[in-house]
There are 2 protein chains.
Amino acid sequence: MDKQTPARRRPSMADVGRLAHVSAQTVSRLYTGGTVSSDSRRRIEAAVKELGYRPNKLPRSLRGARTETIGFLAMGPLNYGNAGILTGISRTARLEDQTLITTQFDLDVDDPATREEIWRALDSFMAIRVDGIIVATPYAGLETVIEHIDGAVPVVSLSERDRREGHSVHADSYGAARLAVHHLVELGHRRILHLAGPGNRNEASNRVKGYYDGLAAAGLDPLPLLHCQEWDADSGAACAAVADTSTFSAVFAANDEIALGFMSEMSRRGVVAPRDYSIVGVDDMPEARYFSPPLTSAELDFEKMGERALHLLLDQIRGTTTTPRGVVTSSLSVRASTAPHPNGQREDRQQ
Amino acid sequence: MDKQTPARRRPSMADVGRLAHVSAQTVSRLYTGGTVSSDSRRRIEAAVKELGYRPNKLPRSLRGARTETIGFLAMGPLNYGNAGILTGISRTARLEDQTLITTQFDLDVDDPATREEIWRALDSFMAIRVDGIIVATPYAGLETVIEHIDGAVPVVSLSERDRREGHSVHADSYGAARLAVHHLVELGHRRILHLAGPGNRNEASNRVKGYYDGLAAAGLDPLPLLHCQEWDADSGAACAAVADTSTFSAVFAANDEIALGFMSEMSRRGVVAPRDYSIVGVDDMPEARYFSPPLTSAELDFEKMGERALHLLLDQIRGTTTTPRGVVTSSLSVRASTAPHPNGQREDRQQ
DNA sequence: AAGCTGGGATCCGCTGATTCG
DNA sequence: CCGAATCAGCGGATCCCAGCT
């Protein structure tokens, strides 16, 4: 008895040709759009069906300049933002007939070993000859890492780190922060607290900058920042545990998750929005309207970011310029978590 | 002036060999672990660095039986569950040195065109000769679609659809439902409402079954199901809008998102947990503890599911049997959304 | 003679250019 | 001039043999 031939060789074009009494090249012509007599065509199609033949893209990739494959590297948890980006990239890749290679990992950004992991991932991308790479990571040494492969293959970055124009897509964190703060100021709030995102990322520091500038524009002073370890609800709750409720009447949270944790822990302490304070988040995730209270939030369109990123990458690969560049802008959804300040203008004179 | 050589040919082993005054085969030996004199080795490494040479996996894949590449097809939104699965697969793929090809789309499961899209995606997987495929989709015709490629390449399914043993990984939806219902019964609840997940998916119907069996085991009658369109908070809120509060004292929601939407809409109606009713969810997503009130939930470990799925697939590919099969079990996290029934045993005689 | 190392030939599956009827 | 066939080459891996010590 033979061994169980678990993987018998897959049929090739030559096999199809043999069965159809034509050469392999005639079969190839059928797929690449050359001229093939209807007679051969019929025989070939029958042979394909009989053998269960499936075209193999590998040789084409080996031969040609392009592989029609792009790599996506994401760091950090696959949370709402990253998931949205991936969805946008994935949809666009499908529409553009690109194969998408994904690597996602959740390592400590500050661990030196992380650099090696990123390296390995990028090497793996190069080893299968991706046409381009999209990276979404707040890893601090990202630029040096990217520079090593840049030039060899186009790279588009999705972090808000400064890169030269045309190679980066990001949300308008700064604008979102300005929107959020402006909204609170309009409601009469004067003492606005900011729950800042993880410190070593531009996404966080741009929101901090928006917070500062927004307050300055209204002639207000900032309060000391409360820093979050992560973008998650746990971090928001940790902030709430240490927040001094006598110092603020409104809160600008770096994202919705943080706002969720904050509100939860505060109400455990008996302090509830919007009665005792107002709060705004960023992201406007679908769940935000179901928080308690429903959360006012500055929307960020992550799927569009992913879509833009891939289009931008394809532009570089193809040498075209069709993608609108720059930043994905934000808008504000006002809900019940924000209310006018009860004491109106007088508050700033209280202290 | 020449054209702008946007993609000048990447260096090959032959180029490296030429520069290092050795043959390409000697370079190959360096990478595949053959014996190479330390002198040649040094020259080769210098040449590699100078040319920026990177190994190309494509020829190896072309020639060999394996490509060390696996495809992952996910349907539906990249929500908590799917994201967890992808994270698990991604991490495991990295550890096992597998390249991961991802396709994710969010199409109408009942649209006939969806079938074509799935086909295209699978064809694309086959075209680059993946060694195996993992599918996570509630698409009803999945089996017929899979069967077409099954045999050509191993497939592991992550839906709770019935497949022959060893080709499927899933969470214990039924067990989770039993846990949830049992908990409510223990608290003295007799009239327990179920917010069922989308109807055409086994993940949902297994929870319905667990609901029925759990009630039967306690000698209780089920209430009419409230059906959700999706696994999201919007659907939960829609249920809350039509729920008759006089008919139940407790709610078992098919997942946490649905529970969130339900609780939000109910409190808008002035009915709040746990004062007016108790509620349990499924998934135990990290946010659940920050819901208002914190949500009691039956945990599902999606990352482990992804990990198991890939190991199972690799077992099939390699012909080994090292992965523990079967189901990923559940456990219950009890929080403030559930409380003893105020009237104790007497409730079932009220009507 | 045994143990190294290096090089040539052939192949993987497909495609573009060239040749042949 | 059109349809079909031949050939070479993409970039490595592998087998085999030729030098060299």
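Note on naming: letters A, B, ... go to the chains in the order of the sequence lines (proteins, then strands), and numbering restarts at 1 for each one. Source: prediction; values computed, not measured. Scope of the values below: all heavy atoms of this structure, side chains included, with no hydrogens, waters or symmetry mates.
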Between the base of dC14(C) and the side chain of R60(A), is one N or O donor paired with an acceptor at under 3.5 angstrom? no
I'd like to check the salt bridge (Lys or Arg N to Asp or Glu O under 4.0 Å) partners of [X]; sequence neighbours left out, ordered by chain and number.
X: E50(A); result: none
X: R18(B); result: D15(B)
X: D39(A); result: R42(A), R43(A)
X: E45(A); result: none

So, is dT18(C) syn or anti if syn means the angle is within 90° of 0? anti
Enumerate the residue pairs fulfilling ring pair (Phe, Tyr, Trp, His ring centres under 6.0 Å) with a member in residues 83-103 of chain B, sequence neighbours excluded, ordered by first and then second residue. none
Could you work out the separation of [N] and [M] based on their [atom1] atoms and round it to a whole Å?
N: dC12(C); M: dC16(D); atom1: P; value: 16 Å
N: dG12(D); M: dT5(C); atom1: P; value: 23 Å
N: dT10(C); M: dC7(D); atom1: C1'; value: 15 Å

Residues 81-93 of chain A vs salt bridge (Lys or Arg N to Asp or Glu O under 4.0 Å), sequence neighbours excluded, gives R91(A)-E303(A), R91(A)-E307(A)
Applying salt bridge (Lys or Arg N to Asp or Glu O under 4.0 Å), which residue pairs with at least one partner in residues 22-32 of chain A are found, sequence neighbours left out? none
Among residues 11-30 of chain B, which ones have heavy-atom contacts with DNA chain D below 4.0 Å? S12(B), M13(B), Q25(B), S28(B)
Heavy-atom contacts under 4.0 Å between residues 43-58 of chain B and DNA chain D, which residues? Y53(B), N56(B)
Pairing donors with acceptors under 3.5 angstrom, does anything connect the side chains of S90(A) and T87(A)? no
So, S23(A) versus T26(A): side-chain donor-acceptor pair below 3.5 Å or not? yes
Contacted region of DNA chain D by chain B, from 5' end to 3' end of the hits, cut-off under 4.0 Å to heavy atoms, spans dG11(D) to dT14(D)
Under the ring pair (Phe, Tyr, Trp, His ring centres under 6.0 Å) test, residues paired with F302(A) that sit two or more places apart: Y80(A)
Hey, which sits more toward the 5' end of DNA chain C by its nearest nucleotide, R129(B) or S38(B)? S38(B)
By nearest heavy atom, map S40(B) and R63(B) onto DNA chain C; which one lands nearer the 5' end? S40(B)
Rounded to whole Å, how long is the line connecting atom CZ of R41(B) with atom C1' of dC4(C)? 14 Å
May I have the distance from L62(A) (atom CG) to dG16(C) (atom C1'), rounded to whole angstrom? 15 Å
Distance-only criterion, 3.5 Å: show the donor-acceptor pairs between side-chain atoms of residues 123-136 of chain B and protein atoms not counting sequence neighbours.
unit_1  : atom_1 : unit_2  : atom_2 : d
D123(B) : OD1    : R54(A)  : NH1    : 2.7
R129(B) : NH1    : P55(A)  : O      : 3.4
R129(B) : NH1    : M126(B) : O      : 2.9
R129(B) : NH2    : R54(A)  : O      : 2.9
D131(B) : OD1    : T67(B)  : N      : 2.9
D131(B) : OD1    : T67(B)  : OG1    : 3.2
D131(B) : OD2    : T67(B)  : N      : 3.2
D131(B) : OD2    : E68(B)  : N      : 2.7

